[in-house]
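It should be emphasised that the depicted structure is a prediction, and the values quoted were computed from it without experimental measurement. The figures here come from the full heavy-atom set of this structure, side chains too, leaving out hydrogens, waters and symmetry mates. Atoms within each ligand, like the ligands themselves, are counted from 1 in listed order.
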Amino acid sequence: MHDMTAKKAALGATTPHRNFAKYHKLFPTTAWLRRKAPKNVPLFSFEYGDTGAGNDTGIAHNWAAFDAIKITPRYGVVVTPPPVEVELFGRRYNAPIGIAPMGGPSLVWPGADILMAKAAQRARVPYTLSVAGGATIEQAAAAAPDVFWLQLYRFWRDEHKIGFDLVRRAQAVDAKVLALTLDVPVRTTRSRETYAGLAHEFRPNARMIYEMLVRPKWLWALVRNGYPRFATIAQYARPGAGTNEIIAYARQHMGGAFTWEEVKRYRDKWKGKMVVKGVLHPADAEKAVALGIDGVWVSNHGGRQIEALTPSIDCLPAVAAAVGKKATVLLDSGIRSGQDVTRALALGADAAFAGKSFLWAVAALGDEGPAHLIDLYIDELRASLGQIGAHSVAEARKATIQHPGAIDFGKASVLRTRRGKK
Ligand SMILES: Cc1cc2nc3c(=O)[nH]c(=O)nc-3n(C[C@H](O)[C@H](O)[C@H](O)COP(=O)(O)O)c2cc1C
């Protein structure tokens with residue numbers, strides 16, 4: 001008993017934050033958070049965080065893929081909402097739910113990166129800072145010392161000089177995991193972001209200034225936290241560089257997706273656990289494992305690259321089967337509830353991550369948004385695991401599940417070959 005208490009203390013807060021019940025009445029699911037979000041932030045902020053590529057059908061496909069997955073429970077045994085602690089990469093976390101890396105969340109809510117980092121630290125769930133985030137590696141790691149993960153894009157210039165310096169900085173702050181994003185080989189168009197005036201640089205026009213002025217809570221967050229900027233990269237551009245100078249610098253130095261050869265070079269430099277993010281095809285997962293990667297993050301970038309990409313959840317069973325026990329499997333793109341997390345766990349993920357919903361939460365609830373959403377996800381996860389008779393996260397895999405969208409990659413390649421022969 002004493003041991004359990006000590007273990008719990010080591011894991012950090014396991015009880016919901018103090019306003020959970022109050023906010024739960026107002027925002028019982030993430031749909032309510034999303035509905036409220038645009039009422040609190042400038043339109044350009046909401047559009048930036050909520051948009052997908054093209055006409056958003058990639059997002060719709062991700063959501064539909066989750067909604068189509070059904071679980072048939074067996075009853076007649078005693079269950080209560082089970083504990084949801086997990087071990088990922090040799091460390092304990094309070095839940096298999098993490099915050100996905102996001103560039104520019106401070107555009108949605110100034111200061112959002114640190115709010116998310118602190119909320120994750122409090123709840124002891126993974127927090128992933130994007131290299132294009134609004135806090136530096138050092139600031140975010142200080143806010144989330146036990147749960148800090150870092151995501152990198154490809155800074156290829158000068159033989160990856162900046163990329164390798166970022167690895168050094170991550171090592172210096174003891175980042176628990178380094179994630180290399182593979183799924184942005186090209187820049188694509190997100191129409192709502194483009195129309196809102198954000199596609200190229202951050203230069204508020206008259207409409208954007210008006211949008212800011214009529215959102216006083218957001219303006220106050222701006223006053224407290226300053227203009228959004230790529231904080232981690234700023235020091236390479238020029239000490240004291242402004243937002244647009246840093247954006248221009250980043251565009252010159254960053255781009256394309258890591259090649260396998262580069263993944264191997266980063267693997268050799270980085271001493272800790274490493275994952276590749278954006279994998280959809282099981283053959284890519286196998287390739288990553290063969291290079292010594294510890295985890296495969298199945299993702300289609302939340303529908304933000306192109307609309308035609310396969311929903312990650314439909315690729316998950318094949319990827320999980322391909323890597324087996326050789327690597328940890330993470331999933332994002334379309335998570336909107338703890339029930340979705342249960343679906344992902346049942347289909348082979350070790351943990352699921354969410355992006356956009358954390359931006360809805362911070363826009364809807366301000367500073368307390370991220371903490372509320374983590375607790376909401378945990379509450380829903382425990383309820384859905386209990387409902388299907390699972391006594392633990394691991395038991396989700398025993399569920400009887402229908403997954404009509406699951407991709408059989410063996411068949412898919414046969415179809416392609418036949419077509420090629422015509
Ligand atoms: C505003 C925004 C910015 C993002 N920036 C990054 C990024 O810098 N690096 C990255 O690997 N993924 C980035 N992503 C993708 C997320 O990490 C994640 O894959 C995706 O949001 C998950 O899907 P969901 O939004 O449906 O939860 C971004 C997503 C959003 C919404």
Side-chain angles (χ1 to χ4, degrees), residues 30-31 33-34 37 41 44-53 56 58-67 97-109 112-113 116 126-135 137 140 149-155 166 177-185 187-188 190 192-193 196 198-199 228 230-233 247 250 254-255 257-258 275-280 296-305 307 309 311-313 330-337 340-341 344 349 351-363 370 373 377:
T30 57
L33 293 168
R34 185 174 185 229
V41 303
F44 69 80
S45 297
F46 179 72
E47 295 291 72
Y48 172 71
D50 191 63
T51 188
D56 286 352
I59 295 177
H61 293 156
N62 285 346
W63 293 356
F66 269 99
D67 289 344
I97 300 167
I99 302 180
M102 286 178 280
S106 45
L107 257 179
V108 178
W109 189 266
D113 302 81
M116 292 191 288
Y127 164 72
T128 322
L129 176 76
S130 161
V131 68
I137 293 175
W149 297 16
L150 177 70
Q151 173 267 330
L152 291 187
Y153 279 132
R154 178 173 172 269
F155 283 82
L166 292 163
V177 174
L178 187 70
L180 301 187
T181 295
L182 301 184
D183 65 359
V184 186
R187 277 175 61 79
T188 60
R190 297 174 197 125
R192 286 196 282 143
E193 173 187 308
L198 290 170
F230 293 162
T232 286
I233 302 159
I247 293 175
M254 179 181 93
F258 291 98
V275 312
V276 285
K277 177 171 180 284
V279 170
L280 291 174
V296 173
W297 191 320
V298 190
S299 169
N300 71 8
H301 217 91
R304 289 169 71 88
Q305 279 302 103
E307 293 159 289
L309 295 187
S312 54
I313 190 74
L330 312 172
L331 175 119
D332 74 26
S333 299
I335 296 282
R336 286 168 300 156
S337 66
D340 289 340
V341 177
F353 285 67
K356 284 186 283 294
S357 50
F358 278 96
L359 301 179
W360 306 334
V362 75
L373 183 55
Y377 276 151

- prompt: Can you tell me how far CG of Asn62 sits from OG of Ser333, rounded to the nearest 0.5 angstrom?
  reply: 5.0 Å
task: Could you pull out all residues at least two apart from Thr30 that satisfy side-chain hydrogen bond (donor to acceptor under 3.5 Å, both in side chains)?
output: none
message: Once ring-ring contact (aromatic ring centres under 6.0 Å, His included) is applied, do any residues pair with Phe258, and if so which ones, sequence neighbours excluded?
response: Tyr266
query: Asp56: what forms a salt bridge (charged side-chain N to carboxylate O under 4.0 Å, His left out) with it, not counting sequence neighbours?
result: Arg192
message: With a 4.0 Å heavy-atom cut-off, what residues sit around ligand 1?
response: Tyr48, Gly49, Ala100, Pro101, Met102, Gly103, Ser130, Gln151, Tyr153, Thr181, Lys277, Ser299, His301, Gly302, Arg304, Asp332, Ser333, Gly334, Ala354, Gly355, Lys356, Leu359
- request: To the nearest 0.5 Å, tell me how far Leu150 CG sits from Ile137 CD1.
  value: 4.5 Å
message: Please verify the inter-ring angle class for Trp297 with Phe353; under 30° counts as parallel, over 60° as perpendicular, anything in between as tilted.
response: tilted
